[in-house]
Amino acid sequence: MTEAGHTHGDHSQWAETSHCRVAAVRHFGAFAVLELIAPRVARRAAPGQFVMVTVPGGGSFLRRPISLFAAHADRISLLVEARGGGTERLTRLDVGDAVEVAGPLGSAFPTEDVSNALLVGGGIGCAPLQYLADELSAAGAHVTACFGFRDFRSARAAGAFTIDRLWVATEDGSVGRAGTVLHLLAALDVSPGTTVYACGPTPMVAAVQRWTFAEGLHGYVSLEAHMACGTGSCHGCVVDTARGKLRVCAEGPVFRLDEVTP
Amino acid sequence: MTEAGHTHGDHSQWAETSHCRVAAVRHFGAFAVLELIAPRVARRAAPGQFVMVTVPGGGSFLRRPISLFAAHADRISLLVEARGGGTERLTRLDVGDAVEVAGPLGSAFPTEDVSNALLVGGGIGCAPLQYLADELSAAGAHVTACFGFRDFRSARAAGAFTIDRLWVATEDGSVGRAGTVLHLLAALDVSPGTTVYACGPTPMVAAVQRWTFAEGLHGYVSLEAHMACGTGSCHGCVVDTARGKLRVCAEGPVFRLDEVTP
Amino acid sequence: MTERANGAPLDPSPDLSVSLGPIVLDHPLVDASGTFDLLEYARRYDGDYFADFPYAAYVPKTVTVDARTGNPAPRVTETPSGMINAIGLENPGVRAWIARLGEWAHLRQPVIVSVGGNEPEQYAAVVAALDEYLDAAAPGAAPSIQGYELNISCPNVSSGLQIGADRAATAEVVGACREATSRFLLAKLTPNVRDVTEIGAAALDAGADGLSLINTLKALVLDRDTLKPFLGNRTGGLCGPAVKPVALRMVAEVAQAFPDTPIVGMGGVATGLDALEFIACGATAVGVGAANFTAFEAPQRILAELREELAARGFASAADARGVALSS
Amino acid sequence: MTERANGAPLDPSPDLSVSLGPIVLDHPLVDASGTFDLLEYARRYDGDYFADFPYAAYVPKTVTVDARTGNPAPRVTETPSGMINAIGLENPGVRAWIARLGEWAHLRQPVIVSVGGNEPEQYAAVVAALDEYLDAAAPGAAPSIQGYELNISCPNVSSGLQIGADRAATAEVVGACREATSRFLLAKLTPNVRDVTEIGAAALDAGADGLSLINTLKALVLDRDTLKPFLGNRTGGLCGPAVKPVALRMVAEVAQAFPDTPIVGMGGVATGLDALEFIACGATAVGVGAANFTAFEAPQRILAELREELAARGFASAADARGVALSS
Ligand SMILES: Cc1cc2nc3c(=O)[nH]c(=O)nc-3n(C[C@H](O)[C@H](O)[C@H](O)COP(=O)(O)OP(=O)(O)OC[C@H]3O[C@@H](n4cnc5c(N)ncnc54)[C@H](O)[C@@H]3O)c2cc1C
Ligand SMILES: Cc1cc2nc3c(=O)[nH]c(=O)nc-3n(C[C@H](O)[C@H](O)[C@H](O)COP(=O)(O)OP(=O)(O)OC[C@H]3O[C@@H](n4cnc5c(N)ncnc54)[C@H](O)[C@@H]3O)c2cc1C
Ligand SMILES: Cc1cc2nc3c(=O)[nH]c(=O)nc-3n(C[C@H](O)[C@H](O)[C@H](O)COP(=O)(O)O)c2cc1C
Ligand SMILES: Cc1cc2nc3c(=O)[nH]c(=O)nc-3n(C[C@H](O)[C@H](O)[C@H](O)COP(=O)(O)O)c2cc1C
Ligand code: FES
Ligand code: FES
């Protein structure tokens with residue numbers, strides 16, 4: 001019998017496919033940071049982009065979209081929250097395990113000419129903001145991050161982040177300030193011209209969008225959508241934008257805050 | 001979310017269900033002997049019976065029927081050949097892994113009042129004959145076994161057996177005598193009244209049946225059938241017998257050699 | 001899962017009882033015909049299986065008027081997230097079947113007998129034979145047979161086109177049985193049709209009290225070595241989790257078309273959430289089929305999960321959850 | 001897998017070429033409409049994708065006469081061993097589509113354009129517009145469009161009942177397109193019918209040259225939190241390995257009913273053995289759909305496996321394997 005996957009041809013022509021190994025795993029409650037040796041992905045990656053990850057074990061038919069949490073040298077990291085069967089299995093990966101990822105995919109957060117950046121994340125939506133913070137800081141920008149979580153359990157994710165100015169709120173008050181990320185924003189002193197970067201659940205994105213406009217700021221948002229291909233073929237992942245229906249995996253996931261209607 | 005399997009009730013009322021652990025694994029090419037700690041199964045087991053094994057990992061919907069290869073104290077052993085996806089995963093089990101088995105199921109080889117026994121196996125059909133040999137020998141019977149394999153690869157299974165008088169043939173002559181198990185039988189000096197026990201592919205069973213009748217012997221055969229439930233509910237596993245269509249999992253797998261029509 | 005998302009404590013035990021027409025069920029789960037043999041379970045159980053019987057009603061394997069030996073082997077194999085079968089309604093015939101009723105006369109739960117045949121008269125003959133026997137039986141001598149499920153949807157018998165794929169044939173079978181009995185009558189629908197509500201309407205118009213669905217999808221599996229049809233009957237019926245999305249769609253269609261009709265929904269139920277989804281799509285009761293083959297305790301597990309899933313969503317009862325997927 | 005069971009060396013390279021009616025294909029694999037965007041692949045490839053294009057013919061996503069924005073999100077999700085989609089035939093309309101043909105005019109492989117619509121005239125208008133454009137196009141200015149696949153089977157557009165579930169409507173659509181073109185015409189059949197050969201016959205009688213099947217099975221998935229329909233369009237179409245046994249059955253039925261008809265078989269192909277099974281059931285060519293979503297190199301892998309599977313069984317060619325499951 002020919003087992004699926006054993007007779008793959010040469011991948012070298014596929015910019016975006018990597019068979020890689022898990023180099024390190026750190027767990028934070030239901031979250032895991034997976035560090036993968038994936039030089040081809042790391043070389044091309046930019047903050048905001050994502051990879052399609054094949055769930056090992058054969059139980060999941062489609063690949064799962066996961067943001068780049070970090071990229072250094074020949075490594076990429078993913079912050080994965082065990083939500084359903086597929087992500088559950090990903091968080092149980094161990095050092096040395098093989099994983100297949102395709103990427104980097106999608107649009108990146110624009111980072112040029114940014115001097116003040118405000119990163120606003122909700123729940124697992126915080127994931128792409130670490131890599132963004134790394135790049136912005138390296139480019140000399142002043143980075144502030146405000147993360148909102150529902151409760152103690154989901155706030156465990158915060159432990160994975162290394163951002164200097166990071167404010168956390170939880171709705172149940174168990175970690176950081178009690179309330180939503182909007183309460184954190186309200187308490188901030190934001191310089192004019194600050195660029196806002198948002199990623200999180202739809203109601204949060206809508207609220208951040210309103211706040212940004214009210215403050216006269218501009219910014220970007222990374223959106224989620226249920227995906228089949230992740231690579232532009234199926235039109236499964238569309239969102240409504242000022243430019244019409246666009247694919248989160250191809251034109252997105254990063255859009256201008258003022259062109260989306262969350 | 002409630003994960004399937006996490007809220008099982010109390011199993012204690014099910015004679016035949018065991019959550020067990022792998023205590024030891026030995027590999028012989030594509031074959032593996034899995035030793036499982038399964039006191040409830042071991043206590044009731046008899047040679048010829050089988051268990052339904054849940055394939056770990058979620059990729060297989062139905063359980064797989066596997067014969068008892070041995071049973072001692074609180075342990076049972078299974079000899080598994082990696083043939084398809086399910087058995088492949090079973091042979092990759094490791095010490096300490098959890099497995100779920102239901103059994104012992106089905107009919108056993110009658111062993112009472114046997115003084116001379118001839119065990120005839122073909123390929124993975126040899127599996128139930130080790131346990132049978134153990135029981136017969138313990139009861140003082142004189143046991144001879146003749147095993148036939150296709151080639152070197154399938155003859156690797158022979159290494160798992162500990163039967164004193166064991167003759168092996170391979171069709172390609174790579175191990176033991178060149179030819180089929182029938183060539184081994186032809187060379188034997190069989191005492192009258194010997195009880196024949198057969199298990200193997202259909203053509204072998206048919207040939208052994210003819211040989212047994214020609215020699216004026218009687219005996220038993222363990223049959224295989226594709227199974228869904230393995231426990232008598234679905235009527236999926238029927239074979240034609242002198243008693244009509246019977247279920248291999250309930251009335252079988254062991255039948256009298258003279259009642260089956262292979 | 002011990003509290004709701006909003007932090008309120010869980011309703012400890014939602015009311016699981018439902019009424020399938022006149023038949024009162026302790027909870028919504030029944031076995032799907034042909035997948036669960038009560039006597040086989042009882043003989044493998046250490047306790048009193050009749051006291052611990054897990055389903056709210058028992059639906060035995062389809063019975064026909066004459067004995068049937070069924071199809072040649074092989075009859076079953078696995079498919080991706082499912083299985084295929086071509087048993088061919090093997091059964092001893094209604095007379096021999098009745099003769100064994102005493103063995104499980106003490107089952108407390110209601111029984112719905114699945115009835116098969118090639119022609120209307122054969123269905124009616126089974127129903128009449130059972131009604132006659134039940135009317136004459138001494139109290140406690142027979143199980144509590146309270147209804148019939150007319151299996152007009154088995155893809156594995158060669159009576160030409162399936163009865164359940166044809167409106168007129170469906171009406172004839174249901175009509176003949178309606179004349180034969182005043183007991184509760186379910187028509188079991190096949191998914192191998194263009195519009196399941198057309199056949200449902202024909203069955204209800206002809207006197208069925210309710211509908212069961214789905215039976216299996218007609219399907220073909222090849223032997224990977226020979227590339228010939230694997231099953232002895234060539235084709236068979238596909239079921240299991242693979243077909244659940246098709247089954248949910250059809251149950252929703254029927255529930256929307258016939259809102260007050262008792263419906264037994266089934267097809268791929270393997271977890272309590274699956275069962276709840278069928279209820280949300282309008283099923284009154286839920287049939288568990290191939291999942292029975294995965295573990296002895298599957299019904300107990302699915303029932304426990306169903307209770308948790310209802311409670312986690314704040315439903316006070318299974319009946320409250322019925323049809324919630326249908327309202328827009 | 002380097003030698004046959006009998007020890008004879010493998011035929012190193014079975015002849016994979018097949019003739020789909022007048023269209024000669026290098027091998028049997030084509031993409032299934034809506035699941036593979038040539039230009040998206042090309043822009044992600046380091047080499048010359050047009051030189052390395054893996055399929056034997058390219059079937060683009062269905063084109064309609066007017067632009068369609070498709071269904072509201074969400075449009076896709078996973079199911080056990082499969083997926084469900086309700087894209088809703090999003091496409092820019094035939095004029096805008098033609099305007100971009102230059103971008104892939106250099107594709108060497110034949111193209112079969114999938115055509116959709118609500119009424120016969122709309123189908124015919126797309127075919128006529130394309131035929132007209134092709135007749136006028138300068139050599140090398142357009143890809144080699146050699147045929148049309150009439151998608152009369154999409155379950156995700158609200159033109160009432162699917163055209164492909166009705167014989168008369170099928171005949172009208174095919175007939176209108178037959179008048180509009182002399183190019184090769186495939187009718188793509190839906191599995192949501194009682195008898196797929198009835199619709200197949202209607203299509204062939206009305207002038208179709210061949211048949212493609214299956215499109216997706218109409219299905220429903222609920223959101224597990226809200227228990228409401230998950231997809232924006234409520235229902236969607238099920239595909240992937242879960243449906244393969246149903247697809248094989250239908251392909252075999254059609255191949256048996258119309259032995260000399262070119263058939264594109266599809267539904268759940270994920271491996272070379274799957275593809276071979278469709279060929280064994282009578283398919284001339286095999287469509288790969290959702291498997292494209294599992295890896296960029298899926299078509300290359302499936303093709304390599306198909307070659308091995310043919311060789312391992314001693315087939316000298318793909319054509320030799322056609323229909324071997326059908327003979328008894
Ligand atoms: C661009 C993008 C970036 C993402 N980045 C991250 C990340 O960095 N870390 C992380 O943990 N998660 C991330 N997600 C969400 C993640 O993809 C889903 O949680 C995951 O697909 C769920 O799969 P499952 O098998 O665990 O859940 P299941 O619910 O069992 O999955 C069933 C199906 O639904 C899809 N699905 C379920 N939830 C979502 C969702 N929220 N978004 C999209 N598809 C979904 C799955 O892909 C699958 O097809 C991202 C999603 C997108 C679109
Ligand atoms: C009573 C009995 C005892 C058995 N004892 C042993 C044993 O001790 N050791 C061992 O290695 N094997 C044994 N087998 C055979 C074993 O059950 C099959 O090899 C196994 O089910 C194949 O599963 P798979 O997933 O690897 O193969 P796949 O071919 O991928 O399985 C697909 C489906 O076909 C069924 N199937 C495939 N081959 C067989 C077969 N030969 N018999 C029955 N069902 C089959 C599977 O259960 C499954 O439902 C026994 C079978 C029976 C009936
Ligand atoms: C082995 C087997 C035997 C079956 N026998 C019958 C039967 O006798 N009568 C009937 O109405 N349905 C029969 N069915 C169909 C089931 O009752 C049920 O409708 C179908 O399997 C879908 O449910 P599931 O996916 O939960 O199995 C049978 C199914 C299987 C798997
Ligand atoms: C996301 C998606 C989009 C599809 N779009 C179309 C389409 O536009 N036209 C069409 O005829 N079929 C369409 N199909 C159906 C496929 O072409 C194919 O018939 C079906 O998916 C079965 O094959 P598979 O199981 O290999 O996916 C689509 C399928 C999917 C999954
Ligand atoms: S997921 Fe397929 S186009 Fe975006
Ligand atoms: S496998 Fe179900 S009766 Fe034997």
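To find a chain, count down the sequence lines: A is the first, B the second, and so on, and within it residues start at 1.
Between the side chains of Lys228(D) and Ser327(C), at least one donor N or O sits under 3.5 Å from an acceptor N or O. Between the side chains of Ser317(D) and Asp15(D), no donor N or O sits under 3.5 Å from an acceptor N or O.
Only one option out of Leu213(D), Thr190(D), Leu211(D) pairs with Val196(D) in a side chain to side chain contact (heavy atoms under 4.5 Å, CB included); it is Leu213(D).
If you tally non-hydrogen atom pairs under 4.5 Å between each of Ala242(C), Gly268(C), Gly240(C), Cys281(C) and chain D, the highest count goes to Ala242(C). The choice from Leu217(D), Asp225(D), Val251(D) that makes the most heavy-atom pairs within less than 4.5 Å of chain C is Asp225(D). For the options Leu227(D), Val246(D), Leu248(D), heavy-atom pairs under 4.5 Å to chain C are most numerous at Leu227(D).
When all heavy atoms of Met83(C) and Ala290(C) are compared, the closest pair comes out as SD-CB, 3.9 Å.
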